[in-house]
Amino acid sequence: MFQSDRAQVGPECAASLGLVMSPLPSPSASETPLRVRFAPSPTGFFHVGGARTALYNWLLAKRLGGTFILRIEDTDAERNREEWVQGIHDALAWIGIGPGLGVDYEVYRQSEFEVDHVRAAHQLLGARRAYYCACTREQLDTRNEAAGRKQGGYDGHCREKGLAVAPAYVVRFKVPRPGVTVVNDVIRGEPAFDHANVDDFVLLRGNGTPMFLLANVVDDMSMGVTLVIRAEEHLTNTPKQQLLWQALDAPYLPTWAHVPVLVNEKRQKLSKRRDPVAMEMYRDEGYLPEAMKNYLMLLGWSPGNDAEIMEWSLVESLFSLDEVNSSPAFFDVKKLRAFNADYIRALPQAEFVERWHEWLAAHPQPWEYRADQFGDIAPFVQLRAEVLGDIPAVVDFLFGDVTPSDADWDKAMKPPADAILTSVIDSYDACSWDIDVLKAELEHIGDTHGLKLGKIQAPVRLAITGKLVGPPLFESLHVLGRERAVGRLKAARARL
RNA sequence: GGCCCCAUCGUCUAGUGGCCUAGGACACCACCCUCUCAAGGUGGCGGCACGGGUUCGAAUCCCGUUGGGGCUGCCA
């Protein structure tokens, strides 16, 4: 529930202190239908932080019967690519966010509303809440340096000049001075921003196109967004945007919710460049979407009672925005992997096989797959795969050639490997091809060499599977079949 | 530099003044089980950043310090 008692006091409390320029009431959940939006820009792979933010929005809309708006913010023509747009839809669908899933779902492209953004800028110009500015970056830097302003923002040089429109002039918002803006944030409380620290920011570029701050607000207003849930990196943009809502004569102000960012091991915001954050990559490695969703939700939120691995339906019934933590969380792939292994093990066997087949279809392997043989050892594979992508290495001995590494070979094929293999070949050539018999035979051979099963199985396992670790040996032999098994044993002995 | 946000085991967290000699999970270590590897079981290691207050009593409230992060674009 985003509507805590605190959510109501923001503007009122600030007004009583004479701080806010023109306080407007926040919409009350009881009277105004909840409308949230997720507004990604298609400038790269869709990443885990975005997925988490989308999940928060989705969960809220689902819980409170609200509307989920997906707005693709594709106004940066330079960096946008159509494939990234598709990537967003695909990734969201993968984690269960999309149309027809029990939540009112609206999709927009921000580029379609550019005329509205420009019109809004002109409305502000007409109301003298914005002005044309002729300053170039260089001029500004020069002035800031001369004035000894350490890290200079805009100095208001053209603010009172009343410049008329001219090519290359930008339009800046006239931040009310003096003043303080208090934002009503479900997670942060009521951060106050002194306008002395808020520059007159750019609304329209020199080429006339709208900037993010403006476009974002105009769209949120026209789409009737009531609750803005986004990453904390936007917190300092909020006073500017709230000022815009007010200057544009919005009938209400949205409630904000700035969720903590996800960080890497160095505790820096996850970056698409350096960190493994692409949802697509996790899907390719064979993570289950339910594990990913579960893990992502637990980063910054907990249902209490020490619960971690849980049904998504439980998350849906328990999630509450004001329980979201306010500190950054480390995206720990190791724990994600552990979650995924848990989810894989919990799958009914038939579904496990089905999921594997789906993954396999998307990731062709260099061997001829046989579903019947896989089915025979599926239970053992299921226990050993942390991600679906682990499976090929566990079962490839059934479908392709075995190629042991030199290190493994040297370790397993020490004397009396030759004698052992010879005995095993003789035995397995003739004995009944039964799991228990195969085991008893090898145990018997071990006895003659004074070796326990644990020791004597090594050369056999390596000859059969090409590896020193893997599913139980006798089950593997059984599935492989006598002909291929004995053939591999002979090939190994020949190589000694 | 300025502004803003944040602060419980290595990590994710439970905890909303007494139930806390701080609980769980991941990771790590040991042991058990065992045909290898897993899985499973048992146990262990390990934390309230620091300093002041408030209070009979503070991980929990307040202030400060320190540390970390975000923002500071004619990107979004």
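Numbered from 1 within each chain, the chains take letters A, B, ... in sequence-line order.
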Given A:R188, A:H234, A:R230, the one that forms side chain to side chain donor-acceptor pair (under 3.5 Å) with A:H258
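The side chain to side chain donor-acceptor pair (under 3.5 Å) with A:H258 is passed solely by A:R230 among A:R188, A:H234, A:R230.
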Across the strands shown, which category fits [X] at heavy-atom distances under 4.0 angstrom: base, sugar-phosphate, nothing?
X	answer
A:A329	sugar-phosphate
A:F474	base
A:R461	base
A:G300	sugar-phosphate
A:D194	nothing
A:L235	sugar-phosphate
A:P471	base
A:P191	sugar-phosphate
A:H234	base
A:V202	sugar-phosphate

Distance-only donor-acceptor check, side chains A:T181 and A:Q242, under 3.5 Å:
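Per modelled atom types, A:T181 and A:Q242 side chains form no pair under 3.5 Å.
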Taking only the side-chain heavy atoms of A:R172 (C-beta and beyond), determine which of B:C6, B:C74, B:U13 contains the nearest atom.
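Selected nucleotide (nearest to the side chain): B:C74.
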Output yes when at least one side-chain N/O atom of [X] is less than 4.0 Å from OP1 or OP2 of [N], else no.
X	N	result
A:S327	B:G69	no
A:K269	B:G69	no
A:R337	B:C12	no
A:R345	B:G40	yes

Is there a donor and acceptor pair closer than 3.5 Å between the side chain of [X] and the base of [N]?
X	N	value
A:Q268	B:G69	no
A:R188	B:C5	no
A:K335	B:A27	no
A:D306	B:G23	yes

Atom CD of A:E351: over 12 foreign heavy atoms under 6.0 Å
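For A:E351, atom CD is crowded (more than 12 foreign heavy atoms under 6.0 Å).
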Quick check on A:Q139: does its CD atom have over 12 non-hydrogen neighbours (other residues, nucleotides or ligands) under 6.0 Å away?
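Correct, the count exceeds 12.
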B:G47 to B:U8 separation - P atoms, rounded to the nearest Å:
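Nearest-Å result for B:G47 against B:U8 at atom P: 14 Å.
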Taking the P atom of each, how far is B:G18 from B:C29, in whole Å?
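These two P atoms come out 38 Å apart once rounded.
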Parallel under 30°, tilted from 30 to 60°, perpendicular over 60°: which one fits the rings of A:Y295 and A:F339?
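Plane angle over 60°, so perpendicular.
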